[in-house]
Amino acid sequence: MTAEDTAAAQAVRTAARAARATVTGLVAAQDDVIAAALAAMADALAKAAPAVLAANEQDMRAAAADGLPDGVRDRLRLDAQRLAAMAAQLEILAGVPPEPASRKLRDLPGGLVLSERRRPVGVIGANFEARPNVVVDVASQLIKSRNAGVLRTGSAALRSAIALADEVIAPALAKAGLDPAAIQLLRLPGQAAAYALVREPKLVPLVILRGSGASTRALAAEAAAHGVRTLAHADGGGVLYVHSSAERSVAAALIRASLDRLGVCNRLNLLLLDRQLWDEWLPEITAQLDGLGIAASLPPHDHPLGYEWALDPRREATVTIAPAGSPAEAAAIANDETSGLAAGIAAADADAAAEFLGAYAGTGAFWNATTRLLDGFKLLGVPETGINIDAVPGPRGPVTFRDLSLRQFAVTPALPGRWHGDSPPECDKRRMAAIIAIDGRTLKRCASCCWLRS
C-alpha cells in the first residue's frame with residue numbers, strides 16, 4: 001500500500017466515524033427539523049453564490065488548462081441559473097412528505113401484529129464525477145432519509161465541492177439544529193480516496209457510484225470484493241426506435257430533445273430506424289443530426305452498437321444509427337447491445353408501442369417521450385442520488401431518498417382499542433415504564449400489564 005493509499009484509507013475512516021456519530025440525532029430529529037435543514041440549504045445557496053461561483057470559476061479555468069473535454073466542462077460548470085435550479089429542487093424536496101416509518105402488514109395469531117419498518121442505513125458513501133451540483137443533490141437525499149454520508153468527487157470539481165460543503169451544507173444543518181458532521185466531504189485529490197471509500201463495509205456499507213465508464217465498473221468490482229454494496233451504473237446511453245407508424249414531426253422532436261446535452265448518460269446514443277422507413281427517412285434524419293452538429297455512425301459499424309459516445313471525448317457528438325425490423329427486434333437490440341438504462345419508441349400504433357414496452361427489460365421505457373426524462377427530478381419530482389440499473393431486486397432507475405432505507409419486520413402485541421390506548425381501570429398508571437416506538441408512535445408499556453398508552 002502506497003503512502004497515498006494509506007492517507008486515503010485514514011481519511012475515509014475518520015470521516016465515516018464522524019458521520020456515524022451523528023446518525024442517532026438524525027433518526028431522532030422531527031420531520032420539521034429535516035425540512036428546515038433542506039430549506040436552509042436552499043437559502044444558503046443564494047447567500048453563498050459569490051463564494052461558490054468563484055470556486056467554480058477556478059475549477060473551470062483549471063479544467064480548460066488541463067484540456068478536459070467540452071462535455072466534462074459542461075457538467076462541471078455552475079452559474080446563477082444552475083444554482084437557482086438547485087435551490088428550487090431543495091425547496092421542493094423540503095415539502096415532500098416523508099415516507100411512513102412503519103406500516104401494518106397483517107395480524108398474526110396470538111394477538112400479534114406484523115409491521116414493516118423503514119430504518120436508515122446509517123452512513124452511506126457517494127462517489128461521483130466532476131459534477132458539483134451532485135454534492136447538494138446527494139447531501140439533501142441523505143438528510144431527507146436520515147442517513148449520514150461520506151462524499152467524494154473528482155479532482156476537477158474539488159474547489160466547488162468544498163465551497164458547497166462549507167458554505168451551504170454545513171451552515172444549513174447547524175441552523176436547523178442538526179450536526180454539520182453528518183455530511184463529510186473527502187478533500188483528497190486522486191483516485192485513492194475513491195477506492196478507499198468502497199473498502200469499509202463496517203463503516204460505509206453502501207456506496208452510491210454516480211458516473212460512467214471503466215472507472216465506475218472498477219470501483220463496483222472493488223466494492224463487491226470487500227463486501228460493500230453499491231447502487232450504480234457504469235454505462236448509459238439512451239435508445240430510440242422509430243417505428244414505421246411514427247409521425248415524422250414526433251420522431252424529429254424526440255431526436256432534438258434527446259440531444260440537448262451530449263455529456264449525460266440518458267441522451268440519445270443509439271437510434272434504431274424501422275427497415276420500412278430506412279431508405280426514405282435516413283437522409284432526413286442524418287440531415288437533422290448534421291444541423292444539430294451531430295455525426296451519424298452508419299452501417300457497417302466499426303464499433304459495438306451500444307458504444308457510448310458520451311464517454312468518448314473525441315467523438316461525443318455522435319449517434320449510432322442501425323436498422324430494426326420490428327418492435328420486438330428493436331427491444332432485443334436494446335436489451336442485448338446496451339446497458340439497459342433507457343429506451344423509447346416513436347410510434348402512432350399503440351400495439352407496436354405495447355410490443356416494444358413489453359419486451360424491453362431496461363430501467364426506463366418510453367413511448368413518444370425522450371429518454372432524457374430518466375433522472376430523479378424530471379421523472380419523480382425529487383432530486384436523485386444516481387441511477388441504478390442492477391438486474392436484481394432492489395431500487396432500479398433514479399434512486400431517491402425513498403430508496404435509502406432498510407426494511408425491518410417487527411412483531412408486536414396488538415394494541416387494544418384506539419392507537420392512543422385505553423388502560424384498564426385496574427391498571428396502575430404510575431407504573432408506566434419502558435418507552436418504545438411502534439408504527440411511528442411513541443408509546444409507554446405498562447409495567448403491570450401488557451397494555452400500551454401514548
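Nearest heavy-atom pair, Pro120 versus Leu406, reported as atom, atom and distance to 0.1 Å: O-CD1, 4.0 Å. Here the closest non-hydrogen pair linking Thr338 and Gly306 is CG2-CA, 4.2 Å. Nearest approach of Ala139 to Ile169, heavy atoms of both residues: CB-CD1, 3.6 Å. Across all their heavy atoms, Leu240 and Ala346 have their closest contact at CD1-N, 4.0 Å. When all heavy atoms are compared, the tightest approach of Leu404 to Ser145 is CB-OG, 3.7 Å. Contact detail for Leu305 and Glu337: the closest heavy-atom pair is CB-CB, 4.1 Å.
Phe366 has its side chain out of reach of Ile345: every pair of non-hydrogen atoms, C-beta onward, lies at least 4.5 Å apart. At a threshold of 4.5 Å between non-hydrogen side-chain atoms, the residues Leu53 and Leu83 count as touching. Contact annotation: the side chain of Phe409 approaches that of Leu114 to within less than 4.5 Å [non-hydrogen atoms, C-beta and beyond]. Within the 4.5 Å cutoff, no side-chain heavy atoms of Leu76 are placed close to those of Glu129. Contact annotation: the side chain of Leu289 never approaches that of Thr318 to less than 4.5 Å [non-hydrogen atoms, C-beta and beyond]. Between Met86 and Leu78 the shortest side-chain heavy-atom distance falls below 4.5 Å. Under the 4.5 Å side-chain criterion, counting only non-hydrogen atoms from C-beta, His226 is not in contact with Val198. A 4.5 Å side-chain heavy-atom check between Phe401 and Ile143 finds every atom pair outside the cut-off.
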Verdict with reasoning, Glu222 to Val207, per side chain to side chain contact (heavy atoms under 4.5 Å, CB included): CA-CA 11 Å; Glu222 187 74 9; Val207 177; over 6 Å; no
Test side chain to side chain contact (heavy atoms under 4.5 Å, CB included) applied to Glu316 and Asp70, step by step: CA-CA 9 Å; Glu316 64 181 357; Asp70 290 343; 4.0 Å; yes
CA sep, side-chain torsions, deciding dist, call: Arg82, Asn133, side chain to side chain contact (heavy atoms under 4.5 Å, CB included): CA-CA 8 Å; Arg82 290 187 177 183; Asn133 64 293; over 6 Å; no
Full working for side chain to side chain contact (heavy atoms under 4.5 Å, CB included) between Gln141 and Thr400: CA-CA 6 Å; Gln141 297 295 298; Thr400 72; 3.5 Å; yes
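Proximity of a side-chain donor or acceptor of Asn266 to a complementary backbone N or O of Leu374 within less than 3.5 Å is detected. Not one N or O on the side chain of Lys175 forms a donor-acceptor pair closer than 3.5 Å with the backbone of Ala40. Side-chain atoms of Arg267 come within 3.5 Å of backbone atoms of Leu262 as a donor-acceptor pair (strictly under, hydrogens ignored). With hydrogens and angles ignored, the 3.5 Å screen pairs a side-chain donor or acceptor of Asn388 with a backbone N or O of Ala232. Judged purely by atom type and a 3.5 angstrom limit, Thr320 has no side-chain atom pairing as donor or acceptor with the backbone of Leu270. The main-chain N or O of Gly340 is never found under 3.5 Å from a side-chain atom of Asn335 such that the two would form a donor-acceptor pair. In this structure a side-chain-to-backbone donor-acceptor pair under 3.5 Å is missing from Asp66 to Leu68. Side-chain atoms of Ser258 never come within 3.5 Å of backbone atoms of Ile255 as a donor-acceptor pair (strictly under, hydrogens ignored). A donor-acceptor pair under 3.5 Å links the side-chain atoms of Glu308 to the main chain of Gly236, judged by distance alone. Side-chain atoms of Arg118 come within 3.5 Å of backbone N or O of Arg402 as a donor-acceptor pair.
Put simply, OG1 on Thr153 and CZ on Arg187 are 12.5 Å apart, with the number rounded to the nearest 0.5 Å. Rounding to the nearest 0.5 Å gives a distance of 10.0 Å between CD1 of Ile208 and CZ of Phe128. Expressed to the nearest 0.5 Å, how far CG of Leu268 lies from OG1 of Thr370 amounts to 8.0 Å. Atom CG of Leu38 is separated from atom CG of Leu173 by 8.5 Å, given to the nearest 0.5 angstrom. Taken from CG in Asn56 to CG in Asp79, the straight-line distance is 8.5 Å, to the nearest 0.5 Å. One finds the OG atom of Ser115 at 10.0 Å from the CD atom of Gln408 (value rounded to the nearest 0.5 Å).
Contacts classified as salt bridge (Lys or Arg N to Asp or Glu O under 4.0 Å) and involving residues 363-378 (residues at least two apart or in different chains) are given here: Asp260-Arg372.
The environment of Arg229 atom CZ is sparse: at most 12 non-hydrogen atoms of other residues, nucleotides or ligands sit within 6.0 angstrom.
Ionic pairing of Asp31 and Arg146 is present here: one or more N-O contacts between side-chain nitrogen and carboxylate oxygen are shorter than 4.0 angstrom. A salt bridge does not link Asp5 with Arg199: none of the charged nitrogens is closer than 4.0 Å to a carboxylate oxygen. A salt bridge does not link Asp59 with Arg75: none of the charged nitrogens is closer than 4.0 Å to a carboxylate oxygen.
Residues Gln10 and Thr14 bring a donor and an acceptor atom of their side chains to less than 3.5 Å of each other.
Residues satisfying the ring-ring contact (aromatic ring centres under 6.0 Å, His included) criterion with His301, sequence neighbours excluded, are His303.
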